[in-house]
Amino acid sequence: MAPLRDGVTDLVRWAAFSCFLVPVVLLWYGTSFAGTAGTALGLAAVTGVCRLLLRRSERLAARLPGGRRTGRAGHRHRAVRPARGGGRHAGQKTPVD
């Protein structure tokens with residue numbers, strides 16, 4: 001039986017592949033080496049930060065009792081009523097009066 005694959009690992013692998021592929025394509029189409037290097041560093045930084053945030057959210061979700069995913073533990077949130085708006089207001093003159 002094949003081992004279970006981690007979705008985050010697959011996502012990070014595709015992102016790393018993109019960090020390699022995008023600069024290659026940019027060089028192929030004649031972008032300067034400095035611009036390509038800056039793009040590669042930016043993509044690598046964003047990929048690294050996203051990986052850290054994904055791993056952190058997985059750890060936090062694993063800590064919650066019963067697998068529940070809630071906001072702050074022990075706090076109840078009221079549903080926010082939508083603001084009233086639209087419709088006609090009495091006393092205002094409009095072109096349709």
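FYI, the numbering just counts along the sequence from 1.
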Only pairs under 3.5 Å count here: list side-chain donor-acceptor contacts from residues 16-28, not counting sequence neighbours, and write none if there are none.
from: Ser18; atom 1: OG; to: Trp14; atom 2: O; distance (Å): 3.1

Please table the atom pairs, donor to acceptor, closer than 3.5 Å between any side-chain atom in residues 33-43 and protein atoms at least two apart or in another chain.
from: Thr36; atom 1: OG1; to: Ser32; atom 2: O; distance (Å): 2.9
from: Thr39; atom 1: OG1; to: Gly35; atom 2: O; distance (Å): 2.9

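In this structure, the side chains of Arg51 and Leu54 stay at 4.5 Å or more apart for every pair of heavy atoms.
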